[in-house]
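All chains are named by letter (A, B, ...) in the order of the sequence lines, taking the proteins before the strands, and each is independently numbered beginning at 1. Keep in mind that the numbers below use all heavy atoms, side chains included, and drop hydrogens, waters and symmetry copies.
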There are 2 protein chains.
Amino acid sequence: MGISFDLNNFIYDFSCNCKKVQKKSFSKGQTVTTYIKNRNQLCILLNGHVDLVRYDSNGNRTIVEHFSKNDFFGEVFYKVTVNNELIVEAKSACTVLFYIYDELKEQCDTDCKFHNTLSERLPELMLDKITELNTRIELLTQRNTRDKILMYFSLISTRKQKKSFELPLSLTDLADYLNVNRSAMMRELKLLKEEGLVDKIGNRITLLYK
Amino acid sequence: MGISFDLNNFIYDFSCNCKKVQKKSFSKGQTVTTYIKNRNQLCILLNGHVDLVRYDSNGNRTIVEHFSKNDFFGEVFYKVTVNNELIVEAKSACTVLFYIYDELKEQCDTDCKFHNTLSERLPELMLDKITELNTRIELLTQRNTRDKILMYFSLISTRKQKKSFELPLSLTDLADYLNVNRSAMMRELKLLKEEGLVDKIGNRITLLYK
DNA sequence: TTTTTTCTGTTGCAAAACTAACTTATTATG
DNA sequence: CATAATAAGTTAGTTTTGCAACAGAAAAAA
């Protein structure tokens with residue numbers, strides 16, 4: 001999920017002299033950042049996993065996006081409003097680069113290869129982000145819990161090129177990601193197993209159809 | 001909804017000599033385009049209204065996005081799959097520019113101001129698109145029909161800077177846009193009226209709270 | 001203008017989803 | 001290792017949503 005862009009070539013010679021970036025590490029459970037209006041932060045996840053989550057006034061949690069290595073996130077992608085408190089939480093130990101978008105998008109005058117490559121590639125990275133978000137919307141506009149589960153599995157399966165795969169999220173998190181009630185999702189999963197459409201052993205899903 | 005970018009300055013002196021663009025007009029109800037893999041079309045709506053819609057195998061219709069003047073759409077923003085037939089339908093008479101993204105993003109060698117301005121501004125246009133899509137996701141991740149309705153009204157109200165506004169969609173279309181059953185939505189609207197939270201006279205909504 | 005079509009508003013009933021609670025696994029942590 | 005915390009799995013009861021059908025209003029077409 002999120003933008004995927006192979007930064008590996010740059011990570012190892014990462015040496016942004018320009019002071020326009022902050023690099024921080026977090027341990028599991030820590031808050032990486034909270035989205036703030038008008039700051040326009042853009043963050044790059046160098047390793048680990050983080051979730052962008054929203055809690056509503058009833059305490060319901062929504063996992064808006066789930067980010068892995070080399071994904072991009074930050075308030076630059078959001079219209080931040082009062083009704084809309086967005087928090088990025090570390091799901092595992094992780095390291096994150098923090099830029100301010102207006103500084104990042106300019107070419108860096110201090111000959112910083114990482115930064116300059118990034119700003120050049122920004123348009124294609126954003127286009128990738130758009131397609132990811134449209135896929136997310138397609139997932140959320142599935143009509144019922146079953147269709148959401150099946151589409152989610154199908155997406156992972158296609159990405160991995162395999163009919164069998166490990167879930168990258170816990171089932172509790174998956175429910176919050178699909179925006180459905182956890183027990184309703186469990187019930188539907190059980191039915192899918194009983195009907196022989198899906199096999200599930202622990203965290204491993206196998207699609208049995210087609 | 002969609003990207004908003006003031007093209008007015010360019011529309012009137014629109015004279016793309018570069019043959020990289022097609023301009024077509026449609027009447028209400030016509031199909032503007034169907035998303036096709038690997039073509040990477042990018043379209044600009046010059047006037048009128050169009051909907052990006054998806055029909056599932058049960059005949060359910062989802063309005064994925066609703067576009068107005070100067071909005072952008074096209075398959076360049078999508079991972080087009082077999083499960084995912086996307087159609088753009090004209091909701092009113094409209095005129096559309098059709099580009100192929102790879103041609104558009106290059107500067108135009110034939111001194112075409114419109115085209116060149118567009119390709120320069122592409123990054124900011126895409127960033128706008130991302131924030132629009134994230135707002136769409138926030139709407140779709142509301143927990144129930146009531147919350148979707150209220151958030152939708154709140155978005156329109158904020159955009160118009162008024163507590164009272166005309167709905168830009170029919171109620172039938174609004175249900176397909178919010179991804180809820182029409183009669184369930186009507187029931188909820190009725191309750192909102194009875195509870196004095198919202199007033200509704202024909203197509204005009206007035207928010208009575210706060 | 002008349003006719004046809006689409007949209008709005010409403011309802012009873014059925015199906016799906018949510019809530020809350022609890023037990024059993026599994027995974028962290030002292 | 002023992003204990004605590006979190007996650008998985010399940011269920012009964014309740015609420016919400018969807019379905020289907022219909023009548024009246026409004027809009028479009030003839």
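Nearest to the side chain of B:Leu171, among C:dA16, C:dG9, D:dG18, sits C:dG9. Of the listed nucleotides (D:dT10, C:dT8, D:dT17), D:dT10 has the atom at the smallest distance from the side chain of A:Met186.
Between B:Thr145 and D:dT17 there is a side-chain polar atom (N or O) within less than 4.0 angstrom of OP1 or OP2. A sub-4.0 Å separation between OP1 or OP2 of C:dT8 and a side-chain N or O of B:Lys190 is absent. For B:Asn181 and D:dC19, the shortest distance from a side-chain N or O to OP1 or OP2 is below 4.0 Å. Side-chain nitrogen and oxygen atoms of A:Thr172 include at least one within less than 4.0 Å of the OP1 or OP2 phosphate oxygen of D:dA8.
As a whole-Å value, the separation of B:Ile149 CD1 from C:dT8 P is 13 Å. Atom pair B:Lys200:NZ and C:dC7:P shows a separation of 14 Å (rounding to whole Å applied). Rounded to an integer number of Å, the gap from CG of A:Asp56 to C1' of C:dT19 is 14 Å. For B:Asp147 and D:dT15, the CG to P distance is 17 Å, given to the nearest whole Å. Rounded to whole angstrom, the span from the CZ atom of B:Arg146 across to the C1' atom of D:dG18 amounts to 18 Å. For the pair A:Arg61 CZ and D:dA7 C1', the interatomic distance rounds to 12 Å; values are reported in whole Å. When rounded to the nearest whole Å, the span between CD of A:Glu188 and P of D:dG9 equals 15 Å. Atom-to-atom, CG of A:Leu189 to C1' of D:dA8 comes out at 11 Å; the value is rounded to the nearest Å.
Comparing A:Asn203 and A:Ser183, the nucleotide of DNA chain D nearest to each residue sits closer to the 5' end for A:Asn203. Take the nearest nucleotide of DNA chain D for B:Met185 and for B:Lys28: the residue whose nucleotide is more 5' is B:Met185.
We find that A:Arg39 and A:Glu75 are joined by a salt bridge, their nearest charged nitrogen and carboxylate oxygen being less than 4.0 Å apart.
Using a distance-only test at 3.5 Å, with no hydrogens or angles considered, no donor-acceptor pair links the side chain of B:Tyr78 to the main chain of A:Asn134.
Nucleic acid contact for A:Arg187: base, since at least one base atom lies under 4.0 Å from a heavy atom of the residue. Among the protein residues, A:Arg143 comes within range of no part of the nucleic acid, since none of its heavy atoms lies under 4.0 Å from any strand.
Taking CG of A:Leu150 as the start and CZ of A:Phe153 as the end, the distance is 7.5 Å to the nearest 0.5 Å. In this structure, CD1 on B:Ile201 lies 8.5 Å from NZ on B:Lys193, to the nearest 0.5 angstrom.
No side-chain N or O of B:Arg136 forms a donor-acceptor pair with one of B:Thr131 less than 3.5 Å apart.
For a distance-only test at 3.5 Å, the side chain of B:Ser170 fails to qualify as a donor-acceptor partner of the base of C:dT6.
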